[in-house]
Structure formats: structure tokens, C-alpha cells
Protein chains: 2
Amino acid sequence: MRAVVMHAPGDVRVDTLDKPTIVEPTDAIIRVTAACICGSDLWPFRGIEEVNQPTPMGHEYIGVVDEVGDEVGDIEVGDFVVGSFVASDNTCEICQAGFQSRCIHQVMMGSIGTQADYARIPLADGTLVKVFGEPTPEQTRSLLAASDVLGTGWFAAVAAEAGPGKSVAVVGDGAVGLLAILAAKQLGADRIIAMSRHADRQALAKKFGATDIVEERGKVGVAKIKELTGGYGAHSTVEAVGTQESMLQAIGATRPGGHVGYVGVSHGVELDGLDLFFATVSLLGGPAPVRRFLPELVDLIMTDQIDPGIVFDLEVPIEDAAEGYKAMDERRATKVLLTL
Amino acid sequence: MRAVVMHAPGDVRVDTLDKPTIVEPTDAIIRVTAACICGSDLWPFRGIEEVNQPTPMGHEYIGVVDEVGDEVGDIEVGDFVVGSFVASDNTCEICQAGFQSRCIHQVMMGSIGTQADYARIPLADGTLVKVFGEPTPEQTRSLLAASDVLGTGWFAAVAAEAGPGKSVAVVGDGAVGLLAILAAKQLGADRIIAMSRHADRQALAKKFGATDIVEERGKVGVAKIKELTGGYGAHSTVEAVGTQESMLQAIGATRPGGHVGYVGVSHGVELDGLDLFFATVSLLGGPAPVRRFLPELVDLIMTDQIDPGIVFDLEVPIEDAAEGYKAMDERRATKVLLTL
């Protein structure tokens, strides 16, 4: 089968690999119908994370179940499914509390790779959500977004306690930040301030529900957020980048007693304890428990209440995956969909 | 009037200072009837915080209102009152959201000093809570505890979301940690694990509601907490020390999706962003908004539902304040009450 493999920073190829097989009786094999390139795939692409060996890429996916292990009960061959980037049993206490991304049996899908014709999905019953009905092309793209960027943005907005009566600041205008805006809007936030300096992303931010745009960064950006929120700072702030600057910007933009939801994978972030102490904000973040939100998100998508799929601004066949990586790396594309 | 003044690390004296006067029309002057020495007073006493000039000490207090400014309305001369270690207007959006310790007009009482015969209380209407009825000696000690250590422990337990069905771990067996145990018990927690290696404090922890004691620290302590909580870690963890070790112990002891309430004033704490990301716990801490809880705490104390005052294990007249500081520094006392 075809599979995207990173051989070194900047060196992404489509190799021919063996089709995966059932390893555990709780596995399913899916035929991937669409996958995508994630902002986090750019860390190794840019050499910020090491690439020690040829590595199959991808952790977002939708597809059709091709085969199931003996202990798979709910998911059946032929089902059209979506799952998150973390496989989870959905039964342990951590999953039951809504933190499936930290399931005690978790398997990171990035360690398997879903930018491929087929993918093995561990813990299929706990991981996969069946989609009923026949999705339109638009719905299909949105379902793929739900697999990570929408689910992650949604978690960030929930972790930041976005809701009615709240002002929400969003740091980061990548796909996750943009979809956190959609989530905040859906959750009923009054005011949504997007921090962005790219015209195309500002336009999408407004489309998703941003009421204000702040182009400034750092301390000036923080001051601007305070100015827009009565001097207090935002009630809720989403951090969707993962750098020291973005994290301090998010904490600084939040009023005492407010909430920061951070989902940018941290790279070089160090938080000073005393600064954090006197910030007096709630911090919750980490790998998003997308599985918690998937049934609701699938429903919102299949009833056309949300349209997160418009975040994909480039679509390429899997053979051209390298071009997709380059386009995202060079910021020519916000989010790339791979067709199979 | 008599006032405790720190001249240098280890050098605490009782000096004669002028009686304070009304500065702002929102001020009150109280005659302090009891004050105490705080664990945080030990940082400068031990030279970990600098002492650049003779510094009036103390931020915990109960007393009788002696004089009020022209704009004070609710508080009257003769009222018996308790207040928190942060003066706050109790009307700004931050106060109204329950974070009075970060009021936009906040004044730290430590910058004024309450280990003295009299103290100026800024923003008296917002800061002070009137106590109705005649407190017994036991209730008086408990009211004094409410001013900081009880209120701070209570906030930590609330920030950690202690409650029914929850396992709560408490890092730190000083007065705040011990009273966080009382708070967790009062909030309905099922299991309360005190991390302590001092027999006298273990006894008090059990008296306040601890169901388990863990003497181990660091990674071994964390492993022990996991062992006691089905392998998952505590739902809720209170951090009441403020060191790197205690903070990492608290985060490590908490299950993914759990909550850490941290109230130990950070000294040298640096949190690695990626470790925090993958811990996937909620962090909320800082100077406790004691004022939020004071009316409820006063009520619980005056109706004898809680007895936090037993945390005081040494009582000395203000003239012997130096001995009180030494006793706490040498861990001969957990919490010292100063009589006036």
C-alpha cells in the first residue's frame, strides 16, 4: 500500500509498505478515505524534532472498516468511521472522566501512521465512532477535521471555559486556533478575539465567529486584549501554538480567575512558578481528548450546524504529500487534505 | 504602639511605632486582638527572601474597629472583625468572580503589618467581615485561622475540586496543608491522603479528616499515591509548600484530568511545558481569595461545625514574637498565635 514516510527533515516520500494486519484482537483495520497533514507534523519536517529513522506519518483519518479483530464488538466491517489521534479503550476511569487522550491503554496514532491506504486502529470499539448516513463531500471534509484539529480546538475552548457571557482570546491562527474560534462561538461566547496577522486567516477567523482581530503580539498584544476587555483581560484564552512566547501571551491575556486552555504541543516552554502563582489563572491543556467530543461533533457536522471542513485550503492526492508538507511549511496552506 | 519588625534575617524585634491613622477615606483602623506568624514569614526570616530595611511583619488578624474613614459604610467602630491578608474592594469584576486576592485595587496586608497593636485596613467595607455574637476563646482562635491559613487551605481544596467521590492528596503538612485536609473533609471528599513525616502533624491531619498518611516523598511518594488510588493518581491534589519538589510531587500525584490547587508561595519553581502538557491536569493556584470564603467560614466556626483553631500549638504574647518565629523556624511549632 501507499504510505507517507518521513526519511529526514524536509524529506517526505510516498513509499510502498505492507498492508497492516490485526495484531491485537481489539484492533480494526480501516481503509483510509482521507487523511491530513497536521501542524505538529511540521516539527520533525523542520528538524525541530529529530527524525532518527524512516517514520510513517499521520494521525488524522476517516475511513471504512476493512477488517476487525475477534474481540471487536461495536464496530463492523463496512462501517464508515472517524477516530481521534489517540486510540483509547474508553472504559478506564480516565476515559470515563473524559480524558481519553490519557487512557491507561492509550496508543498514539502518530506511532502507527494514517497517511496511508490502510491503518491499524487499536482498541477499535473505544476509539472509532461510526458515522450514520451518507456524508456529502463537505461533511466528509468536516468529519476529517473532527479527527484532530476541530476536536483539539473544541477541547481548548472547553478547557478555557468559553461560554455565554465570556470573552475569549485565541492565540494562534492555525487550523486548531481557527476551529477553537468555531468552538467558542458554538459554546455561546459573547466576544471572541483572534490574535492573527495573516489576512486570509483573519477572514476565516471572522467567518468562524471572531468578533475582534488583534495583530499585535507579546506584551503589546496582551495590552490590546486588556483594552478590549475592560482592563481585566479575557475570561478564557486558547493557546494553540506551543512556544514560550505564545504561552506567556495566553497567560498574560487572561484575567485573574480566568481559564487558559492550551493545546499547542510545547516546544521549549518553561513556566516560572512565581509568575504563574501571581497570574492566578486556571491552566488546563495537553493532548486533547477528542474522543470525548466526537459523537457530538459528528452530529453537529451531519446536521450541517458547523462546517469546520472549510479550514482545508489545499487538497492533494497522497502521491503529492511532499508538496502538501511544503505548502504548510511555507504557510501557503493552513491545512492540507490528502485524498486516497 | 507595639509592632513586630524584622530588621534582618533571624532578627525580629518588637519596636514602638506610631499608631496608624486613616489615609484613604475607605480605610478603617482596627485594634488587633490577635495575630499570628505565617509560614511565609519564615522565607525572609531564613534569608531566602531579602530584608532590605526594617519591615513591619504580619498579615493575619482579628480585632475591633477603632476608627473608620468617611467613605466606610458597612463597618462601624466597635465591630469585631476578621479580614484576609489581601485588602480588596469586593466590587470589581475580579472580586465579583471570587478572586478578591487579585482585586484591581488590592493591597497586600503584609506591606502594612498586622503583628501590632493597631493596623490600618484599606478598603474596609470590601475587606472586613463582621462577626456577630461573642466568640468563645476557641472560636476566636479559629476566626484568626480563617484570616489566612484556613482560607488558603480552603481555596486550595476548592481549586483542586475536592468533593464527594474524590480522592484528595495533600502535599505539605504545615498549617495550610492541615487545614486543606479539614476543607476537603468538609467539602465531602471520600479519601484524603496526607503527605507528612512528622508524627504530631500526622495526628492533627487525622483529626482533621485524613484517611491515609504517606511518609514518602518525590517519585516514591507519587508511586505510593498511585498505589492508593487504583493506579490512577488522586483526583485532587493540594500543594501547600512552594518548592520545585513539592510542585512536581503534586502534579505527579494527580491523575490525568485531575486538579491541582497550589497555594505554597513559589520559590524557585520552574515548570517544563512539555511535562505539564502530558500531565494533562488542571492547575489553579496563587494567593488565595480568602475573602470569598470568609462569610461561610465565620458561620461554620461560630456554629462550632469546624475547629481550625487547634492548628495553633504555641501562643505567646507579642513581646515574645522573636521566640515565636524561632519556634516555627525550628519546627517546634506548626503555627504560632500572638496575643496582644
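Within every chain, numbering begins at 1; the chains are lettered A, B, ... in the order of the sequence lines, protein sequences first and strands thereafter.
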Show your working on side chain to side chain donor-acceptor pair (under 3.5 Å) between S88(A) and T127(A) and close with a plain yes or no. CA-CA 5 Å; S88(A) 54; T127(A) 304; 4.6 Å; no
To the nearest 0.5 Å, tell me how far I251(B) CD1 sits from S246(B) OG. 9.5 Å
Counting heavy-atom pairs under 4.5 Å with chain B, the top scorer among T280(A), D275(A), L276(A), L284(A) is T280(A)
Salt bridge between K335(A) and E60(A), side-chain N to carboxylate O under 4.0 Å? yes
With chain A, which of V260(B), L283(B), I104(B) has the greatest number of heavy-atom pairs at distances under 4.5 Å? L283(B)
Any carboxylate oxygen within less than 4.0 angstrom of a Lys/Arg side-chain nitrogen, looking at K166(A) and D190(A)? no
What orientation do F99(A) and F155(A) show, parallel under 30°, tilted 30 to 60°, or perpendicular over 60°? perpendicular
Scored by heavy-atom pairs under 4.5 Å with chain B, the best of M247(A), H235(A), Q244(A), E93(A) is E93(A)
So which of P289(A), G268(A), G258(A), G264(A) has the biggest tally of heavy-atom pairs under 4.5 Å with chain B? G264(A)
Tell me, for A159(B) versus chain A, whether the close heavy atoms (under 4.5 Å) come from the side chain, the backbone, both or neither. neither
